[in-house]
Amino acid sequence: MIASANSRETKVLTNPFDVIVVGSGAAGLYAALCLPTHYRVALITKDSVKTGASDWAQGGIAAAISPEDSPQFHEEDTLKAGAGLCDLSAVKFLVDHAGTAIHSLVDMGVAFDRKGDKLAMTLEAAHSHPRVLHAADTTGRAIVSTLTEKVLERSNIEILAQAIALQLWIDPKKKRCQGLSVLYQRQISWIQAGAVILATGGGGQVYAQTTNPSVSTGDGVALAWRAGAIVRDLEFFQFHPTALTKPEAPHFLISEAVRGEGAHLVDAQGRRFAFDYHPSGELAPRDVVSRAIFDYLQGQTNQTNVYLDLRPIETERIRYRFPNIIRVCQKWGIDVFKEPIPVSPAAHYWMGGVKVDLNNSTSIDGLYAIGETASTGVHGANRLASNSLLECLVFAAQLSELNVISPVHITKTTEVVMKNQQQWHQEMPQILEIRQTLPQLIWQSAGISRNQTVLEEAIAKVSVWQKQLKSLSISQPILNLLPSQSVKLEVDTDQNYLRTCSETINLVDIAYLMLKSALFRTESRGGHYRQDYAQSSQQWEKHTLVCDHRWWKGEIN
Ligand SMILES: Cc1cc2nc3c(=O)[nH]c(=O)nc-3n(C[C@H](O)[C@H](O)[C@H](O)COP(=O)(O)OP(=O)(O)OC[C@H]3O[C@@H](n4cnc5c(N)ncnc54)[C@H](O)[C@@H]3O)c2cc1C
């Protein structure tokens, strides 16, 4: 019998663990499964196990496994999309291990669509060959569901759901990561472990318009940066050209695969305007199509969207490939068989992240990062569609080799009981105000088109918010809890306040890092476009590296 996620959740924390995995998307789940089975693993996730971007992935997962294709072609396409900033060794590693990752998923029972007895593959923008495997338009859900079932079968993995990682625990002498503090069941405690793996996904919530789920608040990058890890290429954010744009509706993603299957991107008059900007029209790389829409809309009055017309695709094909898109559009009053879908760009994928090597090691011993949180070097300045789920799996598989130095001593902690915190209550309006204002500011300043003046103005505002937030009384147990202390809360409201505060601190920190990185890079490339430096420059064929408040250029490997 398969246990449900609820029945398998750990109720009592017993230190220490061998490994803590933070996040239960494709990266975290697969990592937990790949780790040696004799390790005691804590899988911490801030919502339910399946909540995350992975569950929402629609289009599919790329792998050059058909006889007409080859890893060499996949490598070339990835490098081209990455606009000169991919690390070749990482890209080779990704494309060469794609087949193994797919076979592992198929063996576990992921039901990819088939054509006859073969795996079906579709073409997506900027891929030279059809190589995107899919399970209708809910590929991510198919993968996450299967991985979750497998995790639940494993007795060495303890699941802590509704548990929020707040701060990393670095040994001050050895400079090694030895665990983290977590908010779980009205308590903040330190969990000790030989290794911590950050798999917290992206940070799209920093933008007012995003396809990302609410959990994508950049926590992993913020925690790692505050702990002193090197983070990289944070100015590069991919804007998906086609998110549903209707008042009140979420920015639901209309997958790239729709254009791959033949849908047209049109203006209000039905004209395919994307060809005015690039010879490949709607199948040009994402940043080009997003900017084309952005520029086109800038020139129009009172128009906030363009349209995606599915009618050039055969009706049966639409039904077979895009049942979820049909369903969601229907919910918002759009019949995709009769009318085009209103769309506009939205923040979608963060290419930058915590700098790691091919073994997922960060610059801090004992700390690892995988999935969207990591910067492995495979995406460069712009991710090739459907490479991110693949990256989650290929790199997480490396953790089967992880050698953990298990912690030897457990620090005894003194528990501080916090009764109904009136001061926190009074501080909440200020936090909520920042939480609401920040995404608009970042959309306008570090969105599809950037320039020095708006970036500097935004940095000034965000720096003030950083200071304000960090001085609040509610922030102290999040940021400054001593390893000798733990906190017990008496009421649920305080737990909710702490969660909101911790996410807001993280969003403001990543906003600061993105803005400063965008200001630092005085050129345009991939997902980073500067109006005042509209061309790419050879001098900038470098990574942007950040540690604490230092920015510098790093070589491409
Ligand atoms: C709508 C949409 C469609 C997409 N379609 C595709 C596609 O077709 N193909 C493709 O390759 N890619 C696609 N992507 C991108 C891809 O889905 C993501 O890059 C990938 O799933 C990231 O996986 P992850 O495991 O790194 O993060 P996620 O799946 O986002 O998981 C992050 C996990 O971390 C948890 N978490 C976060 N912070 C904390 C914290 N402080 N404490 C505890 N837990 C925490 C979250 O709750 C969540 O469980 C899509 C993305 C979106 C948003």
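What you are looking at is a predicted structure, and each value in this text was computed from that prediction instead of being measured. Start at 1 and go down the list; that is how both ligands and their atoms are numbered.
Judged by the shortest distance from any of its heavy atoms, Thr139 lies outside the 4.0 Å radius around the atoms of ligand 1. In this structure, Gly140 has no heavy atom closer than 4.0 Å to ligand 1. The closest approach between any non-hydrogen atom of Thr45 and ligand 1 is below 4.0 Å.
Of the candidates Arg499, His348, Glu372, it is His348 that places a heavy atom closest to atom 52 (C) of ligand 1. Nearest to atom 49 (O) of ligand 1 by heavy atom, out of Asp55, Thr51, Ile44, Asp47, is Thr51. Of all the listed residues (Gly23, Gly204, Ala347, Ser54), Ser54 holds the heavy atom that lies closest to atom 29 (O) of ligand 1.
Ionic pairing of Lys46 and Glu503 is present here: one or more N-O contacts between side-chain nitrogen and carboxylate oxygen are shorter than 4.0 angstrom. A salt bridge between Asp509 and Lys470 is present, with a side-chain N of the basic residue lying under 4.0 Å from a carboxylate O of the acidic one. The pair Lys80-Glu76 fails the salt-bridge criterion, with no side-chain N (NZ, NE, NH1 or NH2) lying under 4.0 Å from an Asp/Glu carboxylate O. The pair Asp137-Arg321 fails the salt-bridge criterion, with no side-chain N (NZ, NE, NH1 or NH2) lying under 4.0 Å from an Asp/Glu carboxylate O.
Looking only at heavy atoms of the protein, atom 25 (O) of ligand 1 is closest to Ala27 N, 3.1 Å. Here the heavy atom of the protein found nearest to atom 27 (O) of ligand 1 is Gly201 CA, 3.2 Å. The protein heavy atom nearest to atom 10 (C) of ligand 1 is Ser388 OG, 3.3 Å. Of all protein heavy atoms, the one lying nearest to atom 7 (C) of ligand 1 is Gly60 O, 3.5 Å. When hydrogens are left out, the protein atom nearest atom 11 (O) of ligand 1 is Leu389 N, 2.9 Å; that is the closest non-hydrogen contact.
Contact annotation for Thr211 and ligand 1: heavy atoms of both the backbone and the side chain come within less than 4.0 Å of the ligand. Of the heavy atoms in Val22, only side-chain atoms (C-beta onward) come closer than 4.0 Å to ligand 1. Both the backbone and the side chain of Thr200 come within 4.0 Å of ligand 1, judged by heavy-atom distances. Heavy atoms of Ala163 found under 4.0 angstrom from ligand 1 belong exclusively to the backbone. With a 4.0 Å heavy-atom cut-off, ligand 1 is reached by the backbone of Lys46 and by its side chain too. At a heavy-atom cutoff of 4.0 Å, ligand 1 is contacted by no atom of Ser216, backbone or side chain. At a 4.0 Å heavy-atom cut-off, ligand 1 touches Ala165 through backbone and side chain alike. Residue contacts with ligand 1 for Arg383 involve side-chain atoms from C-beta outward but no N, CA, C or O (heavy atoms, distance under 4.0 Å).
Ligand 1 has a nitrogen or oxygen under 3.5 angstrom from a nitrogen or oxygen of Asp219. The distance criterion of under 3.5 Å between nitrogen or oxygen atoms is not met by Ala57 with respect to ligand 1.
Remark: the backbone N or O of Gly60 is paired with a side-chain donor or acceptor of Ser386 at under 3.5 angstrom. At distances below 3.5 Å, not a single donor-acceptor pair connects side-chain atoms of Asp18 with backbone N or O atoms of Val41.
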Under the side-chain hydrogen bond (donor to acceptor under 3.5 Å, both in side chains) rule, what do Asn496 and Arg499 come out as? Steps first, then yes or no, please. CA-CA 5 Å; Asn496 298 338; Arg499 176 176 175 159; over 6 Å; no
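Here CG of Leu166 is found 5.0 Å from OG of Ser502. Values are rounded to the nearest 0.5 Å.
Donor-acceptor pairing under 3.5 Å is recorded for the side chains of Asp87 and His543. In this structure, a donor-acceptor pair under 3.5 Å is present between the side chains of Ser128 and Asp77.
Inter-residue side-chain proximity for Leu244 and Trp332 is flagged as met; some heavy-atom pair is nearer than 4.5 Å.
Listed here is the closest heavy atom pair of Thr210 and Gln205: CG2-NE2, 3.9 Å.
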